[in-house]
Amino acid sequence: MKIVIPIQLVPDRVEEIVINKEKDGFDLEEIAWILNEFDDHAVEQGIILKEKTGVEVVVVAAGGEKSDEALFTAAAKGADRLIRVNVDFSTEKVNNHALAKIFQTIIMEEKPDLILTGVSNHNGFDGAIGALLAEYLGMPYIGYISGVDIEGMSALVLKDYPGGIKAKMEVALPAVLGISSSEKPPRYVPISKVRQAMKTGSVQEKDGDIDLAGGLIIDRMYEPEVSGRAEILSGSLKDIADRIAEIVKSQGLI
Amino acid sequence: MSEIFVYVEHFQGIVSDITYMCLAQAQQIAKSNGGNVVAVLLGHNIELLSKDLFADEIITVSHDSLAEFTYDPFAAVLAKIIQDKQPGLMIFGDTSIGSDLAGGLSARLHLPLVSFCKEIKAEEGKLRFVAQICGGKIFAEGDLKECTSLVTLSPGKFKAKDGKTTTTPKVSAYSLPAFEKSRITLKEIILPSGEDLDISKEEILIGIGRGIENEDNVSLAKELADALGGELCASRPVIDQGWLSTSRLVGKSGKTIKPKLYLALGISGAPEHVESIEESEMIIAVNTDPEAPIFNIARYGTTENLLDISKELIRSIQKVKGG
């Protein structure tokens, strides 16, 4: 049995998100890119399933060498094979429809039994990769998954509903699952292990095409205007803490 | 403008608030650009759900195969309705159900999709989307195409009350189209355990986010909560780590809270979190990033380290309590 996990990098929200000069997209060079946190959970869920059942885990990224660190981190965690699709994101405004089509080609070659991917990416304005990918592949899809078990040619999954409600569902394989959280938190791997994986492992490189036909065009990107801002408390730690205590007291709460 | 369709999301006999917000958005577009608002209601024994939907028409498809949501039959029925009726717009709530359906239908029917949509603006007969991305730090705008566009609308801009009416609209039954056997089977609905507390009813809540950094620091936040006489809740990164139970999750898959005091420690303020805390009476935020969106909704804030301020705050509260 084989699991393919498509991953992508997203802007690090902790850092400044720089908009390009044309004000219609990101400045790709100025942004700090990190692995999409939901994809991190998808990788973890794949490794957990490998440990439980011995499935083969293949992790696929698209773009340039920027994604190699995320790929080799997955290898250090236990992924069996790594694939990078070489497409140039700097010349085209890639969206999730185009990215899903790139992954579709690789997945059709790999013929996996299960595809796990992050349920969304915070910079994706045109739908989730998993939902799009499932339809392109003609497979069933369930998103917002927080637990997966494989039983024969089915997967038993837990889907999150609003309000903390969950639904246990059975889906026939092959299927695509959008992971919101792995059943255990993503494991930490020391950088030395990642470096070791870089030395001893390899990334299979493939060519891909960007097809932008399905997505939307952004013609204006900007930081939102803020209607109100918090009053930022100043002074020493003690001054600030005393002020907060006073505020809470003035509300009659202590 | 052609018709604006809204997908009616419901669970256990109750229409979700997000559906009414979608109807409010649809009504705003109809007011500016014309066109009818049509609610699309799928399920079984759903007659009573249509009574307060603010729409010109309600299309219902009632069948026992639609009694609970699973992707295959719902996507098949909606695909047939969209192909048949060709609305200008179909709006879903940006939920774990709406985003599954809208994403799949976009790929199946080759229709454009806007996700994380804050608002569809009607401008001179045209429609423009505003998507709120990167955790609320960036807005992205563009024109909608001249075909059926799909949208998943985030809460925030529209109020649920504006999507309700006292006049029952015309209801049209739509025949269940033929579709292939579902590849997905619902086995069980698991409701939240009653053992833990209901954070939606707490008056003082201390929310912890990614900034708490590690599990050891959760105990300090708990100490602060105890000093304030409140309880802990958290955003998804903390729940995902297993540091607090899922019943304490605030946000999209968790609960909406409205305490008298919400003290947000190390929470950035992504839209899905902000939407779930905006009814709090007083929000005080602690985050070292001065640009964090949480400061846009908080009344007071500090950019000091949350551990340092928590320790100091425990002392200050004890002093105030001691008179």
Side-chain angles (χ1 to χ4, degrees), chain A residues 11 13-14 17 41 120 122-128 131-132 134-136 140-144 159-172 180-181 185 214 216-224 226 228-233 237-238 240-242 244-245 247-249 251 253-254, chain B residues 71-72 95-96 99-100 102-104 106-108 110 112-116 131 133-135 137-142 183-192 204 228 240-242 246-247 249 253-255 260-261 282 284-285 295-296 298-302 304 308-309 312-313 316-317 320-321:
Chain A
R13 283 186 288 183
V14 175
I17 298 175
H41 282 267
S120 68
H122 67 68
N123 57 331
F125 57 90
D126 65 329
L132 300 168
E135 285 289 339
Y136 292 148
Y141 175 71
I142 311 178
Y144 291 86
K159 177 179 172 70
D160 294 342
Y161 283 178
I165 300 158
K166 290 180 187 287
K168 190 180 279 183
M169 293 181 174
E170 183 175 0
V171 57
S180 53
S181 58
L216 287 159
I217 304 295
I218 288 175
D219 58 29
R220 184 173 175 234
M221 189 178 273
Y222 54 100
E223 292 179 11
V226 176
R229 285 288 285 182
E231 178 187 334
I232 300 296
L233 305 172
L237 270 178
K238 184 176 177 302
I240 294 168
D242 285 348
I244 293 174
I247 292 163
V248 176
K249 190 182 177 193
Q251 298 291 308
L253 295 170
I254 52 174
Chain B
Y71 176 77
D72 275 352
T95 66
S96 60
S99 56
D100 279 13
S106 169
R108 183 179 299 189
H110 307 288
L113 164 63
V114 185
S115 46
F116 299 132
I133 57 176
C134 298
K137 282 191 161 182
I138 299 290
F139 281 5
E141 280 190 29
R183 299 161 293 184
I184 302 165
T185 313
L186 177 70
K187 309 292 276 187
E188 186 185 357
I189 295 282
I190 304 165
L191 299 173
I204 300 177
L228 281 164
D240 285 348
Q241 293 291 332
T246 51
S247 61
L249 174 63
S253 303
K255 294 206 166 154
K260 289 184 175 169
L261 171 67
M282 165 77 73
I284 302 174
F295 290 124
N296 300 343
R299 176 72 185 84
Y300 298 98
T302 172
E304 295 291 343
D308 295 340
I309 202 75
E312 198 61 48
L313 190 51
S316 298
I317 290 163
V320 169
K321 276 182 166 177

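Atom set for the values below is all heavy atoms of this structure, side chains included, hydrogens, waters and symmetry mates excluded. Protein chains get the first letters and strands the later ones, always in sequence-line order, with residue 1 at the start of each.
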What distance do [X] atom [atom1] and [Y] atom [atom2] have between them, rounded to the nearest 0.5 Å?
X	Y	atom1	atom2	value
A:I217	B:E141	CD1	CD	15.0 Å
A:M221	B:I133	CE	CD1	4.0 Å
B:R299	A:R229	CZ	CZ	13.5 Å
B:E312	A:D242	CD	CG	7.0 Å
A:R13	B:I138	CZ	CD1	11.5 Å
B:K137	A:H122	NZ	NE2	9.5 Å

Does a side-chain heavy-atom distance below 4.5 Å link [X] with [Y]?
X	Y	value
A:I244	B:S316	no
B:V320	A:I254	yes
A:I232	B:F295	yes
A:D126	B:V114	no
A:M169	B:K187	no
B:Y300	A:I247	yes

Exercise for the section: Could you tell me whether a side-chain N or O of A:S181 sits under 3.5 Å from a main-chain N or O of B:D240, the two making a donor and an acceptor? Expected result: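 No.
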Short question: side chain of A:N123, backbone of B:C134 - any donor-acceptor pair under 3.5 Å?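 Looks like no, no N/O pair under 3.5 Å.
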inquiry  = Can you confirm if the aromatic rings of A:Y222 and B:F139 lie within a centre distance of less than 6.0 Å?
reply    =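 Aromatic pair counts; centres sit under 6.0 Å.
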Name the option with the most non-hydrogen atom pairs under 4.5 Å to chain A; the candidates are [options].
options	result
B:K255, B:M282, B:Q241, B:H110	B:Q241
B:L186, B:I189, B:N296, B:T302	B:N296
B:G135, B:G142, B:S115	B:S115
B:P112, B:S99, B:G242, B:A107	B:A107

Which atom of [X] lies closest to which atom of [Y], heavy atoms considered:
X	Y	value
A:A230	B:G301	CB-N, 4.0 Å
A:Y141	B:I184	O-CD1, 3.6 Å
B:L313	A:A245	CD1-N, 4.0 Å

- Test item: side-chain donor near acceptor, A:D160 and B:S96, under 3.5 Å: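 No, B:S96 and A:D160 have no side-chain donor paired with an acceptor closer than 3.5 Å.
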Contact part of [X] toward chain A, heavy-atom cut-off under 4.5 Å: side chain, backbone, both or neither?
X	value
B:I284	side chain
B:A131	side chain
B:I204	side chain
B:A298	both

* To do: Could you please spell out the steps behind the side chain to side chain contact (heavy atoms under 4.5 Å, CB included) verdict for B:E304 and A:I240?
  => CA-CA 9 Å; B:E304 295 291 343; A:I240 294 168; 3.7 Å; yes
Where on [X] is there a heavy atom nearer than 4.5 Å to chain B: the side chain, the backbone, both, or neither?
X	value
A:Q251	side chain
A:A134	neither
A:I165	both
A:K238	both

- Query: Looking at A:P140, A:G143, A:A131, which makes the most heavy-atom pairs under 4.5 Å with chain B?
  - Reply: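 Of the options given, most contacts go to A:P140.
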query: Based on non-hydrogen pairs under 4.5 Å, which of A:V171, A:L253, A:V248 is most in contact with chain B?
result: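 Of A:V171, A:L253, A:V248, A:L253 has the most heavy-atom pairs under 4.5 Å with chain B.
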